[in-house]
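Read the structure below first, then the notes.
We count residues from 1, following the sequence as given.
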Amino acid sequence: MAMAPGPAWMPRRTGAQRSLEKAFQGLTKLQQLVCQPQMGLRNSPPHLPSLLPRIYQHLRLIREHYGMGLAQLWESEFFRIFVLNLLEKIKQATRLFKRGKDKGEIFQEGSAARRNLTKLSLIFSHMLAELQAVFPNREDQGSTYQLSKQEAHVFWRGTWGERTVLAFFGSCIRSFFLLRRSLVPWSEFQKGLQQVHPVDSGPMATALKSTIDLTCSGHISIFEFDIFTRLFQPWPSLLKNWTYLAVTHPGYMAFLTYDEVKTRLQAYVNKPGSYIFRLSCTRLGQWAIGYVTTDGGILQTIPQNKSLFQALVDGQKEGFYLYPDGKKYHCILTPVSHLGLPLLPLQEQFELYSQVESTFQLCKICAENNKDVQIRPCGHLLCRECLRSWQTIWGHEEVEVSPYSSPEGSPTAKDESDEGDLEDVDMVLQQLMLMRQTQGVSGR
């Protein structure tokens with residue numbers, strides 16, 4: 001005879017306990033693997049032999065604090081997704097050892113397996129920081145978490161402020177409560193962000209997700225959003241700043257450690273001024289810049305009391321940051337705070353375009369979309385769709401081209417970069433082709 005099912009709350013509690021037990025066992029096993037003498041892991045962040053016990057300890061304290069209330073915590077979404085993601089990352093790391101066991105690849109520095117382990121180490125580091133931020137004293141503080149930037153805080157609370165959660169006991173609803181959400185699925189986050197900061201679909205959305213989702217869970221937590229808004233402030237131009245610094249800037253490096261920065265810059269020790277920048281793994285929410293000094297040394301610094309852009313501008317003026325990732329050309333820096341300023345056509349330009357039933361703001365390559373991007377260093381204007389078809393360029397800045405208006409006084413602003421726009425479509429295409437070829441030769 002089949003056993004009668006227990007109370008409805010039992011599976012949820014059992015599931016929470018079982019998942020935690022699996023996590024503890026997995027962390028213990030992985031700790032033994034990474035501490036093998038032949039691994040020879042350097043004691044520098046992110047250091048897995050130090051990270052794993054800290055994650056284990058913090059989870060144990062949370063379990064002890066909640067006791068029988070662990071099932072309710074499991075319903076809070078954040079904790080459940082965190083533990084399930086932790087189990088997945090433990091499996092990924094363990095598989096690296098199994099696959100490289102025969103050839104010993106995991107024990108070789110510079111191997112693909114070792115690089116994947118390093119990336120997972122960064123993810124474990126981010127997960128520990130997130131867990132400590134949301135559970136600072138063993139108790140879930142996600143509902144009261146205060147984002148560093150007020151505008152970002154207002155957006156998050158206004159978009160995912162509260163939801164009703166029902167608790168079922170047997171076949172009856174015994175209680176309900178309001179929960180402030182501290183984590184949302186990526187698709188929901190993208191939809192919400194779209195209301196204030198439009199996100200292009202396709203590759204741009206994928207790149208944005210990879211930047212924000214530090215723990216690679218497929219969800220965005222309030223902590224991860226806090227880090228992102230601190231890195232790419234100010235809020236009004238948040239995604240423009242991200243596009244400029246993390247998408248088009250050749251000096252940006254994702255998921256790189258302190259040691260890997262040194263290794264990468266070692267190839268440019270004979271080229272002072274070469275530099276790259278990354279997210280600091282020890283001070284999340286801050287940037288770390290590595291560069292080659294005049295005497296061939298390699299230094300890394302975390303800018304204090306200034307934005308990354310300002311640090312790069314100052315470093316360029318002082319001769320420290322000249323060649324992003326060792327590229328042969330200088331990276332032209334345009335103040336992020338100025339991105340999106342309108343460009344106004346002159347009256348003669350307006351009249352010229354009117355004669356051919358066109359407008360100044362219309363992209364002359366596709367003749368369908370308005371210009372909204374200015375490519376560098378040539379300064380020509382085109383639309384984002386045309387830019388996307390030329391995926392490799394030196395860099396670009398966002399612009400907004402305003403339609404011609406004829407007030408009593410003529411506009412004083414003159415866009416010299418687009419003079420003769422009606423005749424220079426071929427020139428723009430040639431410039432893009434030249435940039436692509438040059439990038440292919442000089443890039444790595």
Check for a donor-acceptor pair, side chain of [X] on one end and backbone N or O of [Y] on the other, with a separation under 3.5 Å.
{"X": "Asp213", "Y": "Gly218", "answer": "yes"}
{"X": "Trp156", "Y": "Phe225", "answer": "no"}
{"X": "Asn137", "Y": "Glu139", "answer": "no"}
{"X": "His219", "Y": "Ser217", "answer": "yes"}
{"X": "Lys149", "Y": "Thr229", "answer": "no"}
{"X": "Gln36", "Y": "Leu33", "answer": "yes"}

Task: Glu105/Arg115 under salt bridge (Lys or Arg N to Asp or Glu O under 4.0 Å): CA gap, chis, key distance, verdict - done: CA-CA 11 Å; Glu105 185 182 4; Arg115 171 57 188 144; over 6 Å; no
Taking the side chain as every heavy atom from C-beta outward, state whether [X] and [Y] have any atom pair closer than 4.5 Å.
{"X": "Val269", "Y": "Leu265", "value": "no"}
{"X": "Ile62", "Y": "Leu73", "value": "yes"}
{"X": "Leu120", "Y": "Leu48", "value": "no"}
{"X": "Lys262", "Y": "Gln300", "value": "yes"}
{"X": "His47", "Y": "Leu51", "value": "no"}
{"X": "Met39", "Y": "Phe107", "value": "yes"}
{"X": "Ser274", "Y": "Leu322", "value": "no"}
{"X": "Glu151", "Y": "Gln233", "value": "no"}

Donor + acceptor pair across side chains of [X], [Y] (<3.5 Å):
{"X": "Gln141", "Y": "Thr144", "result": "yes"}
{"X": "Glu224", "Y": "Thr215", "result": "yes"}
{"X": "Ser280", "Y": "Trp287", "result": "no"}
{"X": "Gln150", "Y": "Trp235", "result": "no"}
{"X": "Gln146", "Y": "Arg157", "result": "no"}
{"X": "Asp295", "Y": "Thr293", "result": "yes"}
{"X": "Arg95", "Y": "Gln92", "result": "no"}
{"X": "Tyr145", "Y": "Asp226", "result": "yes"}
{"X": "Thr159", "Y": "Gln195", "result": "no"}

Task: Candidate pair Ser143 and Phe78, rule side-chain contact (heavy atoms from CB on, under 4.5 Å), full reasoning - done: CA-CA 11 Å; Ser143 62; Phe78 174 88; over 6 Å; no
Might you point out which heavy atoms bring [X] and [Y] nearest each other, and give the distance in Å?
{"X": "Asp259", "Y": "Ser44", "result": "OD2-OG, 2.6 Å"}
{"X": "Pro45", "Y": "Thr257", "result": "O-CB, 4.2 Å"}
{"X": "Cys216", "Y": "Ile123", "result": "SG-CD1, 3.7 Å"}
{"X": "Pro198", "Y": "Leu239", "result": "O-CD1, 3.5 Å"}
{"X": "His153", "Y": "Leu147", "result": "ND1-N, 3.2 Å"}
{"X": "Met253", "Y": "Leu256", "result": "CB-CD2, 3.6 Å"}

Atom [atom1] of [X] and atom [atom2] of [Y]: how far apart are they, to the nearest 0.5 Å?
{"X": "Phe232", "Y": "Leu238", "atom1": "CZ", "atom2": "CG", "result": "8.5 Å"}
{"X": "Leu41", "Y": "Ser121", "atom1": "CG", "atom2": "OG", "result": "7.0 Å"}
{"X": "Leu131", "Y": "His58", "atom1": "CG", "atom2": "NE2", "result": "4.5 Å"}
{"X": "Ile212", "Y": "Leu231", "atom1": "CD1", "atom2": "CG", "result": "10.5 Å"}
{"X": "Trp74", "Y": "Phe79", "atom1": "CH2", "atom2": "CZ", "result": "6.5 Å"}
{"X": "Ile106", "Y": "Lys98", "atom1": "CD1", "atom2": "NZ", "result": "13.5 Å"}

- [ ] Assign the ring pair Phe135 / Tyr66 to parallel, tilted or perpendicular, where the plane angle (0 to 90°) is split at 30° and 60°.
- [x]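 Ring orientation of Phe135 relative to Tyr66: perpendicular.
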Task: Over 12 non-hydrogen atoms of neighbours within 6.0 angstrom of NZ in Lys22 - done: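 Count not over threshold, so no.
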Open item on the list: Under the criterion side-chain contact (heavy atoms from CB on, under 4.5 Å), I'd like the reasoning laid out for Leu87 against Phe82: C-alpha separation, chi angles, the key distance, then a yes or no.
Closed with: CA-CA 9 Å; Leu87 286 170; Phe82 179 90; over 6 Å; no
Task: His249-Phe277 aromatic ring centre distance below 6.0 Å - done: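 For His249 and Phe277, the ring centres are under 6.0 Å apart.
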Task: Close aromatic pair by centroid cut-off 6.0 Å: Trp160 and Phe155 - done: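 Aromatic pair counts; centres sit under 6.0 Å.
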- [ ] Give the intermediate values and the outcome of side-chain hydrogen bond (donor to acceptor under 3.5 Å, both in side chains) for residues Ser221 and Glu130.
- [x] CA-CA 8 Å; Ser221 70; Glu130 182 182 59; 2.5 Å; yes
TODO: Go through Leu299 and Val292 one step at a time and tell me if the side-chain contact (heavy atoms from CB on, under 4.5 Å) criterion holds.
DONE: CA-CA 7 Å; Leu299 296 180; Val292 178; over 6 Å; no
Open item on the list: For Glu64, is there an ion pair with Arg60 - N to carboxylate O distance below 4.0 angstrom?
Closed with: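 Glu64 and Arg60: salt-bridged.
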- [ ] Flag the pair Lys119 and Glu260 as a salt bridge only when some basic side-chain nitrogen lies within less than 4.0 angstrom of an acidic carboxylate oxygen.
- [x]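 Looking at Glu260 together with Lys119, the answer is no, because their closest N to O distance does not fall below 4.0 Å.
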Task: Cation-aromatic face contact Lys89/Phe124, 6.0 Å, 45 degrees - done: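 No, a cation-pi geometry is absent between Lys89 and Phe124.
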Open item on the list: Run the ring pair (Phe, Tyr, Trp, His ring centres under 6.0 Å) test on Tyr275 and Tyr321 for me, step by step, so that the C-alpha distance in whole Å, both residues' side-chain angles and the decisive distance to 0.1 Å come before the verdict.
Closed with: CA-CA 6 Å; Tyr275 72 98; Tyr321 314 143; 5.5 Å; yes
TODO: Let me see the working for Thr211 and Trp242 under side-chain contact (heavy atoms from CB on, under 4.5 Å), right down to the final yes or no.
DONE: CA-CA 9 Å; Thr211 305; Trp242 166 76; 3.1 Å; yes
